[in-house]
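Sequence lines set the chain letters: A, B, ... in the order given, protein chains first and strands last, and positions in each chain run from 1. Computed from heavy atoms alone, side chains included, the values below leave out hydrogens, waters and symmetry copies.
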Amino acid sequence: VKNTIHTKVIRNFIVSILLMSLIIIVVQLYANRQIEQVQAEGKRYQEVRNLTQKLLGELRIAELTSYFLLEDGDQKQRDRLAQRQKALHRYYQQVKTLLANDGAMRAELQDSLEPALNNLAGLANQLQHNQGSLTPEQKKSVKDRLTTGTWDSAAFLDKLEGRHARAVSMLELVTLRSHRVRLLLVLALTGLAIVFGYLRTRSITASLQIFVKELRKVSAGKYQTLEEIRADDDIGELVGAYNQMVTTIQGNEAVLQDKNEELTAQGEELAAQNEEILAQQEALQQAVAHLTRHEELLGRLYRFSQTLTQTMEMDRLAELAINGILYETESQVGVFMLYNAETAELEVKRTVGLAATQHFGLDDSLAGRAAREKQPLVVGYNEGQLCTQGLRGRMVMASEIYLPLVFHGDLLGVIALGRICKNEFSDDEQKMLTSLSAQITVAVHNALTHLQVQQALEQVKEVDQLKSELINTVSHELRTPLSSIFGFAELLLQKSPEAGKSQKYLTMIYQEARRLTGLINDFLDLQRIEDNRFELVKKPVDLAELIRANVEVYRVQSAKHTLTVSVEPNLPPINTDPDRVARVLGNLLSNAVKYSPAGGLIEITALCCSPQEVEVTVKDHGLGIPAEALPKLFHPFYRVDNSDRRQIGGTGLGLALCRQTLRALGGDIWVRSEYQKGSAFIFSLPIA
Amino acid sequence: MAKIMIVDDEPAIRFLITATLEDEGYELFEAADGREAATLVGDVQPDLIILDVMMPGLTGYELCARLKQDPVTQGIVIIMLTAKGQEQDRRHSEQAGADHYLRKPFSPMELSALVASFLPKS
């Protein structure tokens, strides 16, 4: 049979039962024997008493018999006495036997009964032999002795009664005690059995508890083989199996560990991959966000460029650009400045939210700095640092940005934006603003180009119109003298007029033919200058001499006018073409005479204004030139359009020719005039 | 005696026309530009006007149109003298209401015949 816990417990149980039964039996036996002993003793006393009572009865009978015998001795009586005596003796011997083990009682028995018996035996014997021969005294002593013996045996019986009673009470006592002892014994043994059972059970389950404890550890994750539990029962087997399991598990665990490490490695790899994917995803998201921003930016740019393409006109463009850029960037203040290369200033074309409209130099402002550096300039102001008087009252600028408009390296202008609120222009916004300003730059460039083209076109148109007018004018100017020549010739031929008239007609023909020739010469000269086919013959010229000679001609022609000449004394000879200069001077003198029809003073002055140049002025006090006519005065065929002047003949080519001639000679001509008060034409010539 | 007014800013042309018509039995008047002519018309009440186109101030066409719109003066015969020699001269002349036009340079004999065709000789 295997040593299982089951069998162990059963065995334990059986042993405990057996042990307890054995103990109970032993205790029972012991107790019974004691009781029996006490009962036997009681019984003996009972018999002793019974015998003693019989003995006592016999003794009385014997006594009585003896008494009778003493009085009338009959044979029969004597035989009876003898019989009694024998019975007494038998009884006595029986009691004596019964009390064989009780020395004290036997001694007492002997003391109490033996004398009586011996006395009786002696009497009987005497009576047998000496019947009637006894004196009274003898009779009395025998009687006394008989009575004493009876008393003694009665006393013994009493003693025996006491002994019996004592034995009975002793039995009761012993019985009672034996019950108690049995109860105590049973209790004690039961406790003992329980303790034994507990200890045994504990020893059986101790290994189990250790095992359970170990298993708990396992459940907590720390399992190991259980070397300390060496049980021979199924727990041992269990431990063996467990250990094997642990070994297997440990083996598995090692495998698992390896697997786990492998998995961890894979996991790490996956994590790395995941991270990479996440990074890619993030990059993608950023790219998408970037694209979205880009798209939005493109949308804005598109919208903005659409706005900008609405016009080619600069003022309107400035308005659209500044409003558009303010809208797109949520700025409140904007200034649109165009760069004027001639004045080297930034001219404010348009402002929003700002009252100031002064122009900026390139050195004295932030706008100028941005323009100079051709780089956007971002300025963040501390609150309250920059205040400006805006359209909506006083405003505090939070930040400003200056965007130079640079087209292929050329500065076109600057756009300045300001924000009242705190946020500054972010990098993204700056990028967007750069794009927007690039668009504005293109638009501004286009507008400027458009303007230039328009101006050029207008110039071309003007030139065209001038040319058309020129042709008309030339046609008209040629037809008028031709009409005279043609008409008077026809009159001469057809009408054969009288001599006086013929002379007049011929003079007219001659004058008009000369006029026609002069006209054609002027025109051809002008054409030659314009075509650079103008031949100059330069030589040292005494300007004073030249002036005086020409003035003399006009002085003779017009009696109404007073011509004065003042020439700087030490005027050096100048290297120039004297014929051309003479024609210029002649033209100016002719005009001075013509356009001061009422006569008056004509002043001619010549002076050295610098070591390189001389200036000649021809000043009249005539009709003067209206201010609006001054710019076109030197254009070919231009004639101041009023009737006063129209009365005065002219081709409109004179001043144009003068200017072209002088420019060809390295000089120039200009005019100072006041309407109705006279004109002063000044021309310059280089000395060398 | 029929009255003829000669309006031209060129003295040479005025002289030529005067020389052409002076012996033909007309009373001749001269004006140097449009404004002068406009004021003179009321005083002279001419039968015929020889009117130059290219004049400063009031041009020949403007004066012609003005006279032709005025009921008092619209009966005056107007001969335009044009110098431009272009097709539009004729159109402008017609638009202005001129009765005839001559292109410069013109033939004095032709002008004389033209004037005679408009004015019956007294």
Side-chain angles (χ1 to χ4, degrees), chain A residues 468-498 500-516 519 594 597 623 626 629 637-652, chain B residues 6-24 30-40 50 52-63 79-89 92 101-115:
Chain A
S468 171
E469 275 175 20
L470 179 87
I471 289 164
N472 282 338
T473 311
V474 168
S475 165
H476 183 261
E477 296 298 330
L478 292 179
R479 273 167 199 270
T480 302
L482 263 180
S483 291
S484 298
I485 293 163
F486 185 79
F488 283 115
E490 193 181 290
L491 283 180
L492 281 172
L493 288 172
Q494 296 291 329
K495 285 189 150 185
S496 309
E498 59 192 74
K501 278 187 181 174
S502 294
Q503 190 61 38
K504 270 189 180 176
Y505 295 173
L506 284 170
T507 308
M508 284 306 291
I509 289 171
Y510 176 71
Q511 272 183 3
E512 291 299 296
R514 264 190 67 175
R515 185 174 153 195
L516 192 59
L519 204 62
K594 275 199 283 183
L623 301 174
F637 295 108
Y638 178 78
R639 296 186 70 187
V640 178
D641 192 11
N642 64 50
S643 57
D644 293 344
R645 288 181 159 270
R646 203 57 177 159
Q647 297 282 352
I648 301 155
T651 60
Chain B
I6 302 157
V7 187
D8 199 311
D9 59 328
E10 286 290 341
I13 300 296
R14 292 204 298 275
F15 181 41
L16 175 63
I17 296 169
T18 306
T20 304
L21 299 174
E22 64 183 350
D23 300 326
E24 303 295 326
E30 287 183 32
D33 62 38
R35 287 201 197 92
E36 195 186 334
T39 50
L40 204 61
I50 298 167
D52 184 31
V53 171
M54 292 273 279
M55 287 185 299
L58 195 63
T59 69
Y61 293 132
E62 286 164 355
L63 181 60
I79 298 170
M80 302 294 298
L81 287 180
T82 70
K84 287 185 177 177
Q86 288 170 357
E87 186 54 35
Q88 63 203 34
D89 292 345
H92 283 147
Y101 80 99
L102 279 179
R103 213 176 271 167
K104 287 182 183 176
F106 58 90
S107 160
M109 294 303 114
E110 195 185 339
L111 176 67
S112 180
L114 189 65
V115 169

Of all the heavy-atom pairs spanning [X] and [Y], show the shortest one and how long it is.
X: L491(A); Y: P108(B); result: CD2-CB, 3.8 Å
X: E22(B); Y: K501(A); result: OE2-NZ, 2.6 Å
X: K104(B); Y: R479(A); result: O-NH1, 2.5 Å
X: A19(B); Y: K495(A); result: O-NZ, 3.4 Å

State the [atom1]-[atom2] distance between [X] and [Y], to the nearest 0.5 angstrom.
X: T480(A); Y: L81(B); atom1: OG1; atom2: CG; answer: 10.5 Å
X: S483(A); Y: L16(B); atom1: OG; atom2: CG; answer: 7.5 Å
X: S112(B); Y: E490(A); atom1: OG; atom2: CD; answer: 10.0 Å

| query | Hey, which of L111(B), D52(B), D23(B), I13(B) has the most heavy atom pairs under 4.5 Å with chain A? | reply |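 The answer is I13(B).
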| query | Under 6.0 Å between ring centres, would you say that holds for F488(A) and F15(B)? | reply |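 Close enough - the centres of the two rings lie under 6.0 Å apart.
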